[in-house]
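The block underneath contains the structure these notes are about, expressed in C-alpha cells.
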Amino acid sequence: MEGGGLPISRVRRELLYLVEKNATVVVVGHTGCGKTTQIPQYLHRSGWTAEGSKVLCTQPRELVVVSVAHRVAEEMGAVVGGEVGYRASSFEARTDEGGSTSSIEFSTDEALVSLMQRDPLLSPYTVVMVDEAHERSLATDVVLGLLKKVQRRRPDLRVIISSATIDAEALATFFGGAAIVSVEGTLHDVDILYAKVPASSYISEAVDTVVKIHKNERPGDVLVFFPGEEDVSQALELIEEQNDFERQRGGADDLVPLALHEGMPTSKQLQALRPAPRNHRKVVLSTSVAETSLTIDGIAYVVDCCFQRERYYDPITSLESVVTCPESKASAVQRAGRAGRVRPGKCFRLCTREAYESGLLPESSVPEMQRSELSHVVLQLKALGVDNIMSFDWIAPPSAEAMVRALELLHALGALDQESRLTSPLGAHMAELPVHPTVAKPLLVSGELGCVEELLIVAAVMTVKSSVWQLGRGRKEMERQKMKFAVAEGDHVTYLNVYKGFLEAKRSPGWCDRHCVNYNAMMKVLGVKSQLWSALEGLGIKHSSSDKETLPVRKALAHGLFANSAVLSSTSTDGKGRATYTTVRGKVVTKVHESSVLHRNQPKCVLYTRAIQTGPATHEMFEVLAVEQDWLTELAPHFYTSPGVG
DNA sequence: GAGCACTGC
C-alpha cells in the first residue's frame with residue numbers, strides 16, 4: 001500500500017514546505033492518520049536523506065519501533081536493515097553505528113538519548129521526528145529538551161514533533177514559535193456518547209452499558225477500559241453472573257467476557273486478542289494496556305470509565321503512590337479511537353458531557369517528569385554534559401525537591417562529586433549502564449565483592465519490570481510454589497534460586513507453569529542479563545561468582561539500595577498481626593507487602609526496591625532484602641549522619 | 001491478603 005488514501009496525504013505539500021522553512025514543525029493528528037509511516041517517506045523522497053544523511057523517527061515503545069520499521073520497509077519495497085533500519089536493544093539490532101546505509105531510522109526515545117551520549121550533535125541526521133510526543137514519557141521530555149539544545153548549535157537540524165492532542169501550542173512555544181500543521185480526520189468516525197448522570201460505581205455502570213450494547217447494537221466486539229486489574233476482575237465476575245442469569249431465563253449466553261492486563265500470562269492475553277466464536281460478541285475488559293500497547297481487531301464499541309491510574313513520586317518521603325484519577329482528554333480520545341480502526345464505531349464515555357467539556361477532565365496527564373523519581377534522568381543529563389540541571393530547558397520542569405533528592409542520592413552513590421560533577425570512573429560508568437543508578441552501583445561493586453554472576457541475575461530481574469511470579473491455579477498455589485525458592489535473606493536472593501531452577505529445567509515453559517514462574521519474564525531476564533554482562537565486560541570487570549555465599553550479594557545490593565531502608569517497629573503489629581516498619585529517612589510507617597517472601601519473617605532491618613502507598617494510610621515495601629542495620633552508616637555515612645536523619 | 005504502563009547506555 002502506498003498510503004495515498006491516508007489523511008496525512010492531504011497535507012503532504014504543506015508539511016514539506018513548512019519543514020523546509022522552519023526549524024521545528026508540530027504535526028497534530030490522531031492515531032491512524034498515517035503520520036508515523038508516511039512522514040519519514042515524504043522526507044526521504046524530497047531529498048532529506050541525500051548523500052548519506054538520515055531521517056530519524058522516535059517512538060515511546062520498542063514494539064512499535066520494530067513493527068513500523070517493517071511496515072515502512074515493505075511499503076518502500078526495501079528490506080529492514082537496508083534502506084530502513086531501527087535501533088532497539090532487546091531485539092536483534094538491525095542498524096549499526098556509523099556504517100549503516102539506512103536512510104530512514106526508527107528508534108525508541110530512550111535509544112535516542114543514549115545515541116546522543118555518543119554523538120551529541122546527531123551529525124548524520126537532517127530531520128528528527130519525535131512521534132507520540134503527547135504521551136510525555138520521561139524519555140520524550142528529555143529528548144525534547146536536548147533537541148532544542150542541539151538546534152542552537154545546528155540551525156540546519158529539522159525537528160518534527162508529532163502529537164495527537166491540541167497541546168501543540170505549548171510544544172510550538174517551547175521551540176520558539178514552531179509551525180503547526182493539523183491533519184484532520186482518522187480512518188473511520190467514532191460516535192461519542194456520554195452518560196446522562198455521573199455514575200455512582202463505574203464498574204457496574206460499565207457492565208450495564210455492555211449489556212445494553214449487546215441488546216441494542218449491531219454485531220461487533222466491545223472493549224472496556226478500567227483503571228486497574230482489580231476493576232477488571234470484578235467486572236468479569238459481574239458479566240459472568242449476568243450470563244448465568246440469562247441462561248436460567250432461557251436467554252442466549254452469547255456474550256464472551258475476557259480479561260486483559262499486563263500481569264496476565266501471554267497465552268491468556270492472546271486469548272483476549274483472538275476473535276470470538278461465530279455469533280458471539282466478545283467483551284474485552286482491559287486496563288490501559290489496550291490504549292497504546294496492544295491492538296485488538298474487530299472492536300466496534302468502546303466503553304470508557306474515564307478514570308486512569310497514575311503513579312506519583314513524593315520527593316519529601318521518597319515514596320510512591322498509585323492513585324485513581326480522572327483520565328486526560330488525550331487518553332479519552334485515544335481510547336475512543338480504538339473503536340474506529342476497521343469501521344465506524346461508537347464510544348460510550350461514563351462521564352457526563354458537562355464533566356468532559358467543563359474541564360473536570362484535564363487536557364493531558366501530568367507529565368511523568370513531574371511525578372517521577374529523577375536520579376536516572378539527572379545522571380543521563382550529567383553524562384550528556386548538562387552541568388546545571390536546575391536551568392536545563394525543561395518542557396515541564398520537575399519540582400526543585402525532586403531534583404534535590406536526585407542530586408542527593410547520586411551524590412551518596414558516589415556518581416556526583418561535591419560540585420555535582422559526574423565522577424570518573426564511577427559516575428561515568430553508572431551512566432553507561434542501562435539500569436537505575438541504585439542497580440548500577442551494585443553491579444559495579446560486584447567485581448570487587450566477587451559476585452558478578454549473582455548481581456547480573458538480580459539486576460536483570462529488578463530491571464525486567466513484570467513480576468517473576470505468576471498466578472497459576474490460585475494464590476494459594478502460587479504461595480506454595482514460591483516458598484520452595486524462598487530464603488530468609490529476601491526476595492533478591494530468592495531470585496537466584498528461581499533463576500537456577502529455570503536453567504536446570506532447561507528453560508522449560510512447563511516447569512515455569514508448574515512453579516508459578518513467569519516464563520516470559522525469565523526469558524527477558526536472560527536477555528537483559530547478557531546485555532548487562534557485555535556492558536560490564538566493556539568496563540573491564542572480570543566475571544566472578546560467590547556460589548552459595550549470599551553475604552557478598554546482599555552487601556553489593558546494599559551499596560545501591562541503602563537509601564531505601566526501614567526498621568522493624570518495637571510496637572510490632574498493625575492490628576491484624578502484621579509487623580510494621582518505619583522508614584529510616586522520612587519516618588513513614590510501612591509494611592512488607594504480601595508478595596514478598598519476607599512478609600512473615602520480620603527481619604530487624606530491611607532494604608526495599610520500591611515502597612508504594614497502597615491505601616489511605618498504608619505504605620508497603622516491594623522486593624525486600626534483609627540487612628544488618630550497621631551496614632547503612634558503613635556504606636553511606638554522609639547520607640545517614642546529616643542533621644535530622646537517622 | 002496482592003502492584004497503571006513503558007523502556008535503556
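Throughout, protein chains are lettered first and strands after them, A, B, ... in sequence-line order, and every chain is numbered starting at 1. As the structure is a computational prediction, the values presented were derived from the model and not from experiment.
Side-chain atoms of A:Val289 lie closest to B:dC6 of the nucleotides B:dC4, B:dC6, B:dT7. Here B:dA2 is the nucleotide among B:dG1, B:dA2, B:dA5 with the atom lying nearest to any side-chain atom of A:Ser595. For A:Glu62, counting side-chain heavy atoms from C-beta on, the closest listed nucleotide (B:dG3, B:dA5, B:dT7) is B:dT7. Closest contact between the side chain of A:Arg475 and the listed nucleotides B:dG3, B:dA2, B:dA5 involves B:dA2.
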I'd like a table of donor-acceptor pairs (distance under 3.5 Å, sequence neighbours excluded) in which one partner is a side-chain atom from residues 617-624 of chain A, with atom names and distances.
from	atom 1	to	atom 2	distance (Å)
A:Glu620	OE1	A:Thr614	OG1	2.7
A:Glu620	OE2	A:Arg578	NH2	3.0
A:Glu623	OE1	A:Thr609	OG1	2.8
A:Glu623	OE2	A:Tyr495	OH	2.4

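When the side-chain nitrogen and oxygen atoms of A:Thr287 are compared with OP1 and OP2 of B:dA5, one or more of them lie within a distance under 4.0 Å.
Using a 4.0 Å heavy-atom cutoff across all strands shown, A:Arg136 reaches no nucleic acid atom at all. A:Glu368 comes within 4.0 angstrom of a nucleotide base, judged by non-hydrogen atoms across all strands. A:Ala139 comes within contact range of no nucleotide atom at all, as no heavy-atom separation falls under 4.0 Å. As judged by a 4.0 angstrom heavy-atom cut-off over every strand, A:Ser467 is placed among residues making no nucleic acid contact. At a threshold of 4.0 angstrom between heavy atoms, the contacts of A:Glu432 include nucleobase atoms, whether or not backbone atoms are also involved. Contacts of A:Ile612 with the nucleic acid, taken as non-hydrogen atoms under 4.0 Å apart, are absent. When heavy atoms are screened at a 4.0 angstrom cut-off, A:Val435 is found touching base atoms of the nucleic acid.
Summarising the geometry, the separation between CZ on A:Arg61 and P on B:dC6 is reported as 8 Å, rounded to the nearest angstrom. At whole-Å resolution of the value, CE in A:Met478 and P in B:dG1 are 15 Å apart. If you take CG of A:Leu374 and P of B:dT7, they are 20 Å apart, rounded to a whole angstrom. In this structure, A:Phe307 atom CZ and B:dC4 atom P are separated by 16 Å, rounded to whole Å. Put simply, CZ on A:Arg309 is 12 Å from C1' on B:dA2, counting in whole angstrom units. Between A:Asn520 atom CG and B:dA5 atom P there is a gap of 15 Å when expressed in whole angstrom units. Taking atom CD on A:Gln334 and atom C1' on B:dA5, their separation rounds to 13 Å, with Å as the unit. With rounding to whole Å, A:His619 atom NE2 is found 19 Å from B:dG1 atom P.
A donor-acceptor contact closer than 3.5 angstrom is absent between the side chains of A:Glu105 and A:Ser107.
The ring pair (Phe, Tyr, Trp, His ring centres under 6.0 Å) test applied to A:His515 returns A:Phe485, A:Trp511, not counting sequence neighbours.
A salt bridge links A:Arg61 with A:Glu135: the distance from a Lys NZ or Arg NE/NH1/NH2 to an Asp or Glu carboxylate oxygen falls below 4.0 Å. Under the 4.0 Å criterion applied to side-chain N and carboxylate O atoms, A:Lys529 and A:Glu453 are assigned as salt-bridge partners. A salt bridge links A:Glu477 with A:Arg480: the closest approach of a Lys/Arg side-chain nitrogen to an acidic carboxylate oxygen falls below 4.0 angstrom.
Mapping A:Gly228 and A:His436 onto DNA chain B via the closest heavy atom, the residue that lands nearer the 5' end is A:Gly228. Along DNA chain B, the nucleotide nearest A:Val322 and the nucleotide nearest A:Met430 are compared for position; the residue whose nucleotide lies closer to the 5' end is A:Val322.
For A:Glu479 and B:dA2, a side-chain-to-base donor-acceptor distance below 3.5 Å is present, hydrogens and geometry of angles not being considered.
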